Amino acid sequence: MSTRSSGHRLVIVSNRLPVVASRSAGAWHLKRGSGGLVTALAPVLRDRGGLWIGWPGVATLPDGELRRALQRAGRDTGYDLVPVFLDEREMRLYYQGFANEILWPLFHDLQSRCRFQSAAWQVYARVNARFAAGIRAQLRADDFVWVHDYHLLQVAAHLRQAGARQRLAFFLHVPFPPLDIYLKLPRRHQILADLLAYDLLGFQVARDLRNFVQCVRSLFRDEARIDRQGNRTTITFRERETQIGAFPISIDYADFAAGAAEAGVARRARFIREQFPGQQILLGVDRLDYTKGLPEKLRALRETLQRWPDLQGRLTLVQIVVPSRDDIRAYAELRKDLHRLIGEINGEFTRPGWVPVHYLYRHLDRSELLAYYRAADIMLVTPLKDGMNLVAKEYAVANHDQHGVLVLSEFAGAVSQLHRWVFAVNPHDAENVAEAIHAAWHLGAEDRRGRMAALQRSIRRQDVFWWVNAFLQAALHRGLDDFPVLEEYVPPPASAWSELEAEV
Ligand code: ADP
Ligand code: F6P
């Protein structure tokens, strides 16, 4: 089933368009944006066509020339791009302020990083209303409107107020926090009520769904009715029914697998491996974000090298970091901390012919990134908390020769689908991560191949098109009954790979 064949045009709405605009030499230039949301949704719209409404990534007043540049870009991508413009103040208070200094840290359980300020709320609400007006200006009766992520929690409420009757759906890419953390959010009742103006709310994994249901139950004890039947959960609130579900997002498997198999990528991967003779390559690929656990990962590496000195000179961490949100103070500070820590570790362990941490701080083009995935022996994906984490899935699919091992945080959504074939770790516990690195280093070729093949099969079965079909099926036909029940990840009583380590 596609939105086209079901007679609906797909309208995706997210804070960012999949392109970032910049101006130089009197003209607008567009480049592809990074981040999980764009990676997941771009192939969906390429496949189905439709419309993408969002911010073009630069503070500017409404600009006809930029609008036309986006129209031209839309002709190439096969779907239309419609901008919502934000000025400097809106960027500061809506995007940096309420979205990224309140909702982002809070939804990742890091309340001590929140910077609560009431002006941010007013602007957040106003920008959500602007997005709703931007949607209304484009809306056709048969449209299926699908809004994405924490920047736009209130869009449906504004559209309903303006009389929209279309089916409206929402997907949250980040985690939904537990009740005692959610309670710290200013306007917590209003935001929850506004979310319930959507017809379908999609979360990444069972953990987020559980948290959301608990918040509704506690904050709207007398007003909300919650019905659960198998996979189907329906909340009735102020005479409206909202269906909720967990839909783990994924990647375009075929595209990543084919890209990694290309001869050019194989050549590059070989070249990378040749730079590290006699060593296993540990790889990290993260946005510069305090939720990604970067300092914690480096401390775990230090722990590994101290505890097992025989591994010195026999492994190297290649840490690739893509710059992100650098106008926010916490991000600029994180960058400094990271640089200092890398300097300390390299200062302590480097010797002739071996540097323990290679650090790249930039956006990589696709074949370069695939070559690193293909070359790496051990991938370290250790966020403190993450909605899904697509890097983990990209690595598994692009590890063409199946020689790699994935070390994955227990707090990344991806663990609930992949835990059987990875080393699941607690990223706060440097000893635990170091033990996983040590065990992964010693894992034999056959075990590696078996695990990697199973990871690839699982991601191929549940790729991004499976995700979008499941979501649309639920949104347009209320069909969740065929959808597999997603079990919540529970850590094993004693870590399975510690036992495995004892055997090596
Ligand atoms: P988030 O959505 O928080 O950024 P994800 O892991 O879900 O986290 O997605 C990150 C996306 O950004 C992935 O598609 C990954 O390939 C891409 N990415 C990360 N680092 C880089 C980089 N240095 N160059 C290019 N793309 C990158
Ligand atoms: O998944 C979380 C998210 O906010 C996405 O919406 C976005 O793709 C990514 O992180 C990058 O963040 P930003 O749009 O703030 O650069």
Side-chain angles (χ1 to χ4, degrees), residues 12-20 31-43 52 54-58 86 91 94-101 103-105 107-108 147-153 170-176 203-205 208 248-252 255-256 259-260 283-294 318-328 330-331 359-373 379-398 406 408-409 411-415 464 467:
I12 296 279
V13 188
S14 66
N15 171 59
R16 262 186 201 286
L17 285 172
V19 290
V20 180
K31 66 173 199 311
R32 194 178 187 277
S34 31
L37 189 150
V38 172
T39 303
L41 290 177
W52 193 325
W55 171 57
V58 61
L86 301 178
M91 257 193 73
Y94 146 77
Y95 170 69
Q96 291 167 13
F98 201 81
N100 282 321
E101 292 188 313
L103 291 172
W104 176 268
F107 279 31
H108 287 86
V147 180
H148 291 261
D149 232 354
Y150 58 99
H151 315 83
L152 301 176
L153 302 175
F170 178 85
F171 185 76
L172 186 68
H173 291 249
V174 300
F176 196 88
F203 298 93
Q204 295 275 21
V205 290
D208 309 310
I249 201 168
S250 194
I251 57 169
D252 183 346
D255 191 47
F256 272 92
L283 179 67
V285 175
D286 304 270
R287 236 172 1 87
L288 182 75
D289 197 296
Y290 49 77
T291 61
K292 299 293 180 185
L294 284 157
V318 177
Q319 178 60 56
I320 303 171
V321 175
V322 65
S324 177
R325 304 181 191 162
D326 35 21
D327 290 331
I328 299 175
Y331 288 71
Y359 175 57
L360 290 77
Y361 180 63
R362 59 187 150 88
H363 184 94
L364 299 192
D365 73 31
R366 187 175 162 75
S367 65
E368 219 179 342
L369 184 63
L370 290 173
Y372 276 105
Y373 285 150
M379 182 81 199
L380 297 179
V381 179
T382 51
L384 304 183
K385 186 142 185 191
D386 215 329
M388 173 55 57
N389 195 291
L390 293 181
V391 164
K393 293 185 174 180
E394 291 174 4
Y395 170 68
V397 173
L406 179 57
L408 180 59
S409 165
F411 307 112
V415 81
V464 74
W467 171 76

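Worth saying up front: this structure is predicted, and the values here are computed from it rather than measured. Whatever order the structure lists them in is the order used to number ligands and atoms, beginning at 1.
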Could you list the atoms of ligand 1 found under 4.0 angstrom from a heavy atom of [X]?
{"X": "Ile320", "value": "23 (N)"}
{"X": "Asn389", "value": "6 (O), 7 (O)"}
{"X": "Val285", "value": "19 (C), 20 (N)"}
{"X": "Arg287", "value": "1 (P), 3 (O), 4 (O)"}
{"X": "Leu364", "value": "22 (C), 23 (N), 24 (N), 25 (C)"}

Which of these, [options], has its nearest heavy atom closest to [atom]?
{"atom": "atom 22 (C) of ligand 1", "options": "Leu360, Val321, Val322", "result": "Val322"}
{"atom": "atom 1 (O) of ligand 2", "options": "Val322, Asp326, Asp149", "result": "Asp149"}
{"atom": "atom 4 (O) of ligand 2", "options": "Gln204, Arg16, Arg325, Met388", "result": "Arg325"}

If I compare all heavy atoms of [X] with all of [Y], which pair ends up nearest, and what's the gap?
{"X": "His173", "Y": "Gln204", "result": "O-NE2, 3.0 Å"}
{"X": "Leu370", "Y": "Gly259", "result": "CD1-C, 3.6 Å"}
{"X": "Pro175", "Y": "Gly387", "result": "CD-N, 3.6 Å"}
{"X": "Gly413", "Y": "Val205", "result": "O-CG1, 3.6 Å"}
{"X": "Gly284", "Y": "Asp286", "result": "C-OD2, 3.8 Å"}
{"X": "Asp208", "Y": "Phe176", "result": "OD1-N, 3.1 Å"}

Next on the checklist: Using 0.5 Å steps for rounding, measure from the CG atom of Leu172 to the NE2 atom of His148.
Outcome noted: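 Leu172 atom CG to His148 atom NE2 measures 11.0 Å (nearest 0.5 Å).
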Item to check | Gap separating the OG1 atom of Thr382 from the CG atom of Leu294, nearest 0.5 angstrom | outcome: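 Result: 7.0 Å between the selected atoms.
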Protein heavy-atom partner closest to [atom] - residue, atom, separation in Å:
{"atom": "atom 23 (N) of ligand 1", "answer": "Arg362 O, 2.9 Å"}
{"atom": "atom 17 (C) of ligand 1", "answer": "Gly35 N, 4.5 Å"}
{"atom": "atom 10 (C) of ligand 1", "answer": "Gly36 N, 3.7 Å"}
{"atom": "atom 11 (C) of ligand 2", "answer": "Arg287 NE, 3.7 Å"}
{"atom": "atom 15 (O) of ligand 2", "answer": "Tyr95 OH, 2.5 Å"}
{"atom": "atom 7 (C) of ligand 2", "answer": "Leu37 CB, 4.2 Å"}
{"atom": "atom 6 (O) of ligand 1", "answer": "Leu390 N, 3.2 Å"}

Next on the checklist: Over 60° means perpendicular and under 30° means parallel, so tell me whether Trp104 and Tyr150 are parallel, tilted or perpendicular.
Outcome noted: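 Ring orientation, 0 to 90° scale: tilted.
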Item to check | Evaluation steps, side chain to side chain contact (heavy atoms under 4.5 Å, CB included), between Val381 and Tyr395 | outcome: CA-CA 10 Å; Val381 179; Tyr395 170 68; 5.9 Å; no
Item to check | Tyr372/Leu364 under side chain to side chain contact (heavy atoms under 4.5 Å, CB included): CA gap, chis, key distance, verdict | outcome: CA-CA 10 Å; Tyr372 276 105; Leu364 299 192; 3.9 Å; yes
Item to check | Check: Glu394 N/O within less than 3.5 Å of ligand 1 N/O | outcome: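 N/O-N/O distance below 3.5 Å exists for this pair.
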Next on the checklist: Side chain or backbone, does Trp104 bring an N or O within less than 3.5 Å of an N or O on ligand 1?
Outcome noted: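 No: no nitrogen or oxygen of Trp104 is under 3.5 Å from one in ligand 1.
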Checklist entry - Would Trp55 and Tyr94 satisfy ring pair (Phe, Tyr, Trp, His ring centres under 6.0 Å), going step by step from the backbone distance to the final call? => result CA-CA 12 Å; Trp55 171 57; Tyr94 146 77; 7.8 Å; no
Checklist entry - Under the side chain to side chain contact (heavy atoms under 4.5 Å, CB included) criterion, do Val397 and Tyr373 qualify, and how do the steps go? => result CA-CA 9 Å; Val397 173; Tyr373 285 150; over 6 Å; no
Checklist entry - How does Asp289 reach ligand 1, by side chain, by backbone, by both or by neither, if only non-hydrogen atoms under 4.0 Å count? => result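 For Asp289, no heavy atom sits under 4.0 Å from ligand 1.
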Can you tell me if [X] contacts ligand 1 (heavy atom of the residue under 4.0 Å from the ligand)?
{"X": "Met388", "result": "no"}
{"X": "Glu368", "result": "no"}
{"X": "Lys292", "result": "yes"}

Next on the checklist: At less than 4.0 angstrom from any non-hydrogen atom of Tyr150, what atoms of ligand 2 do you find?
Outcome noted: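 Contacts of ligand 2 toward Tyr150, numbered from 1: 4 (O).
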Checklist entry - For ligand 2, which atoms, with element, lie under 4.0 Å from some heavy atom of Trp104? => result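 Heavy-atom distances to Trp104 below 4.0 Å select 2 (C), 4 (O).
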Item to check | From CA spacing to verdict: side chain to side chain contact (heavy atoms under 4.5 Å, CB included), Val174, Lys385 | outcome: CA-CA 9 Å; Val174 300; Lys385 186 142 185 191; over 6 Å; no
